[in-house]
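Everything below concerns the one structure shown next.
All values below come from the heavy atoms of this structure, side chains included, with hydrogens, waters and symmetry mates left out. Just so it is clear, the structure is predicted and the values come from calculations on it, not from any experiment.
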Amino acid sequence: MPAKARRRPPVNSRSRVFAIATALALGCLSGTVLTIGWGENFRARSLAVEGFGIFHRVSLPAGVSSRDDVRNFEVDLGGADDFSRVSVNNYWPMSTESPGSSASDTQGAVHRNHEMGRHDKTIYLHPGRNFVVFELENGEAAYCSGGFRLFMNEEAMVGLPSTFPVNADEIHALLGKANPTIANALCSRRIIELDLGVGAEPGRRLLSLVGL
C-alpha cells in the first residue's frame, strides 16, 4: 500500500500576519540603528542655543570617516572687527590678537604665538568627536564682523557661512533681548562638530542617544 501523505497543519492567518509584522519591525529597528551609527557623518545640520551659540555638524569630504582618513586639516582665520579666535578641541592656537601693536598696549602684552591666515591644525584632531570653536568679540565700536574657513584633505568644508554674525538676531541670541548694544561684547560663537570615528559604532551611538 502506498504510504499515506502527511497532512500539513492548517495555516493560522493571524500567526502569519504577526510573523510578517515582527519581521518588518525588526527591519525598521535595525535600519534605524545603522542609520544612527553609520549615517551620522553625512547629515549636515545647525542648531542655535539661546545665550550660548550655534552648533554645526558639517559633512565630511568623500572618503573620510575616521581620523586615519584625514591627511591634513587646515583652518583659515581672516581678519576681524574687532577680535576673533579659533580653538580645536579646547586648544586655542589661532587668533587675531596683536599684542604690542601700538605704544598704548605694549606694557603687559602677552605674546601667545597665535596665527592668522590658513594653517595646518591636523595635530589637534583625534579619533571620535572633534570640536572647532570660533568666537568673535566686539570692542567699543558698534560694528562687528569676522570669518573663518575649514579645509580637510585640501577640500573646503561646506555648511558654514563665510562671515559672522550673519544678522542682528545672532547677536541678540547671545546677548539677550534686553541688550540693545553690541559694544564690548561677544557677538558670535560657532561650534563645529567633526565626527571622525564614533559614527562607525552604532551600538555606542544608540546608547548615547538614550542617555546611557
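Atom CZ in Arg85 sits 12.0 Å away from atom CG in Leu77 (nearest 0.5 Å). How far CD1 of Ile192 is from CZ of Arg57: 12.5 Å, rounded to the nearest 0.5 Å. We find the CD-CG distance between Glu155 and Leu60 to be 10.0 Å, quoted to the nearest 0.5 Å. Note: Asn138 CG to Ser188 OG = 11.5 Å, rounded to the nearest 0.5 Å. Here the CZ atom belonging to Phe73 is positioned 13.5 Å from the CD1 atom belonging to Ile123, to the nearest 0.5 angstrom. Taken to the nearest 0.5 Å, the CG atom of Leu150 stands 9.0 Å off from the CG atom of Asp76.
Environment of CZ in Arg118: crowded, with over 12 heavy atoms of neighbouring residues, nucleotides or ligands closer than 6.0 Å. Residue-environment remark: CG (Leu47) exceeds the threshold of 12 foreign heavy atoms within 6.0 Å.
Across all their heavy atoms, Arg67 and Thr122 have their closest contact at NH2-O, 3.2 Å. Nearest heavy atoms, Arg189 versus Phe52: NH1-O, 2.7 Å. Here the closest heavy-atom approach between residue Met157 and residue Pro61 is recorded as CE-CD, 4.3 Å. Nearest heavy atoms, His56 versus Pro161: CE1-CD, 4.5 Å. Contact record, Ser84 with Leu136: CB-CD1, 3.9 Å, taken as the closest heavy-atom pair.
No continuous path of ILVMFWY side-chain contacts below 4.5 Å connects Met116 to Val75, so the two sit in separate hydrophobic clusters. No single ILVMFWY cluster, assembled from side-chain heavy atoms under 4.5 Å apart, contains both Ile54 and Ile171. In this structure, Val132 is not a member of the same hydrophobic cluster as Phe151, with clusters built from ILVMFWY side-chain heavy atoms closer than 4.5 Å. Val70 and Val86 fall within the same hydrophobic cluster, where Ile, Leu, Val, Met, Phe, Trp and Tyr residues are linked whenever their side-chain heavy atoms come under 4.5 Å apart, directly or through other members.
Ala168 meets the side chain to side chain contact (heavy atoms under 4.5 Å, CB included) test with His172; sequence neighbours excluded. Checked against ring pair (Phe, Tyr, Trp, His ring centres under 6.0 Å), Phe148 has the following partners two or more places apart in sequence or in another chain: Phe134, Phe164. Under the side-chain hydrogen bond (donor to acceptor under 3.5 Å, both in side chains) criterion, Glu137 pairs with no residue at all, not counting sequence neighbours. Asn72 meets the side-chain hydrogen bond (donor to acceptor under 3.5 Å, both in side chains) test with Glu154; sequence neighbours excluded.
Donor-acceptor pairing under 3.5 Å is lacking for the side chains of Asp68 and Ser66.
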For residues 87-94, dump all side-chain donor-acceptor pairs below 3.5 Å to protein atoms at least two apart in sequence or in another chain.
| from | atom 1 | to | atom 2 | distance (Å) |
| --- | --- | --- | --- | --- |
| Asn89 | OD1 | Phe131 | N | 2.9 |
| Asn89 | ND2 | Tyr124 | O | 2.9 |
| Asn89 | ND2 | His126 | NE2 | 3.4 |
| Asn89 | ND2 | Asn130 | OD1 | 2.8 |

Assess whether side chain to side chain contact (heavy atoms under 4.5 Å, CB included) is satisfied between Leu194 and Met152, documenting all intermediate values.
-> CA-CA 11 Å; Leu194 306 174; Met152 186 173 287; 4.2 Å; yes
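Apart from Leu174 itself, the hydrophobic cluster it occupies contains Leu186, where clustering links Ile, Leu, Val, Met, Phe, Trp and Tyr at side-chain heavy-atom distances under 4.5 Å.
Remark: Arg190 engages Glu170 in a salt bridge, criterion side-chain N to carboxylate O under 4.0 Å. A salt bridge does not link Glu74 to Lys121: none of the charged side-chain nitrogens sits closer than 4.0 Å to a carboxylate oxygen.
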